[in-house]
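These numbers come from a predicted model, not from an experiment. In what follows, every chain begins at residue 1, and chains take the letters A, B, ... in the order their sequences are listed.
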Amino acid sequence: MRIATWNVNSVRQRLDHLVWYLREVSPDVLCLQELKCEEKDFPLAAVAAEGYNAAVHGQKTFNGVAILSKRPIEVMRGLPGDDSDTQSRYIEAEVPDEHGVVRIASIYLPNGNPTGTEKYTYKLAWMERLRAHAKGLLELEESLVLAGDYNVIPEPRDAKDPAAWEKDALFLPQTRAQFRSLLNLGFADALRTVTDDAGLYTFWDYQAGAWQRNNGIRIDHLLLSPQAADRLQSVTIDKEMRAREKPSDHVPIRIELD
DNA sequence: ATGACTTGCGCGGCAAGA
């Protein structure tokens, strides 16, 4: 089973890249973030034409997440734990496969900048809600994949220039500690189970020639329950997507489960 | 380096991103 995640930075701006990816990479499941549209404006027909069901949790202008799947899925929208939170950043699905079911979430974790404001408070609170929800999901003892844009640089080796991120919400000690507390529930960071290499990135800023200088960061992650980690065959960053015309600033990352 | 892009909204230039 091939499971991919990609922050598209506007699904309508990226529709041709998206259709290419569905056709050529052909993931069984694709988690999308930053749709920047409501469900009524999501290109449902275009993805259906490629053979995909789409579960969308949209929002006008900002945020928005989706799960595309070749097979029909059962869906839950929104991260539990705060009924007053109106931002569309979480969608979860049960996807049937030959072994039973794989539970997959598409996550767009808050950026949190500028720090010292309610934006950073919201990020940390959202991470704590995610930890609480994930703890319950782990108790199901299923194959579980929490995939998405975490807006967290886990370690210095995950940035070209870690010093530049020292005071940023993506890399503050408190952010990294909260991410570790999620991992320490029993998740594996899929990429880190296959390589210790530095210099593996999923995001390059549009500004200042970041792509040309390979000034990137690794902030898109797939977290695996033990049952999913046991089935992991490979991890691939589709880096070449960043070199296209009008790219997203993020590239897809995907795993194979047996 | 006060910068540098890209997007949505909507027709002004902001706000937001990371």
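What separates CG of A:Asp249 from C1' of B:dG8 is a distance of 15 Å, to the nearest Å. To the nearest angstrom, P of B:dA16 lies 17 Å from CG of A:Leu170. As rounded to whole Å, 18 Å separates atom C1' of B:dT6 from atom CD of A:Gln33. For the pair A:Lys160 NZ and B:dA18 C1', the interatomic distance rounds to 17 Å; values are reported in whole Å. To the nearest angstrom, C1' of B:dG8 lies 8 Å from CZ of A:Arg12. Protein atom CZ of A:Phe203 is 13 Å distant from nucleotide atom C1' of B:dT7, rounded to whole Å. The interatomic distance linking A:Arg89 (CZ) with B:dA18 (C1') rounds to 12 Å, in whole Å. Rounded to an integer number of Å, the gap from A:Asp205 CG to B:dC5 P is 10 Å.
Applying the 4.0 Å criterion to OP1 and OP2 of B:dC9, one finds that A:Thr61 has a side-chain N or O inside that range. Of the side-chain N and O atoms in A:Asn7, one or more sit less than 4.0 angstrom from OP1 or OP2 of B:dA18. OP1 or OP2 of B:dG8 lies within a sub-4.0 Å distance of a side-chain N or O belonging to A:Ser10. Contact check, A:Asn111 against B:dA18: a side-chain N or O comes under 4.0 Å of OP1 or OP2. Contact between the side-chain N/O atoms of A:Lys246 and the OP1/OP2 oxygens of B:dT7 is found at a separation under 4.0 Å. Phosphate proximity of B:dG17 to A:Gln207: absent, as no side-chain N or O sits under 4.0 Å from OP1 or OP2.
Neither side chain, A:Tyr201 nor A:Asn215, offers a donor N or O lying under 3.5 Å from an acceptor on the other. In this model, no donor atom of one side chain and acceptor atom of the other lie less than 3.5 Å apart for A:Gln59 and A:Gln87. A donor-acceptor pair shorter than 3.5 Å can be found between the side chains of A:Gln33 and A:Thr5. Residues A:Lys36 and A:Asn9 bring a donor and an acceptor atom of their side chains to less than 3.5 Å of each other.
The shortest distance between side-chain heavy atoms of A:Met241 and A:Ser248 does not fall below 4.5 Å. Contact of the A:Phe187 side chain with the A:Leu138 side chain is registered, since non-hydrogen atoms from C-beta on lie closer than 4.5 Å.
If you check every strand for non-hydrogen atoms under 4.0 Å, A:Asp220 touches nothing. Across all strands shown, A:Asn215 has no heavy atoms under 4.0 Å from either base or sugar-phosphate atoms. Note on A:Lys119: only backbone sugar-phosphate atoms sit closer than 4.0 angstrom, heavy atoms only; bases stay farther off. Heavy atoms of A:Tyr108 sit under 4.0 angstrom from primed sugar atoms or phosphate atoms, though from no base atom.
Side-chain proximity of A:Glu34 to B:dC9, B:dA18, B:dT6: nearest is B:dA18. Here the side chain of A:Phe62 is nearest to one of B:dG8, B:dA16, B:dA18, namely B:dA16.
For the P atom pair drawn from B:dC14 and B:dA4, the interatomic distance equals 13 Å after rounding to whole Å. Atom P of B:dT6 sits at a distance of 24 Å from the matching atom of B:dC11, rounded to the whole Å.
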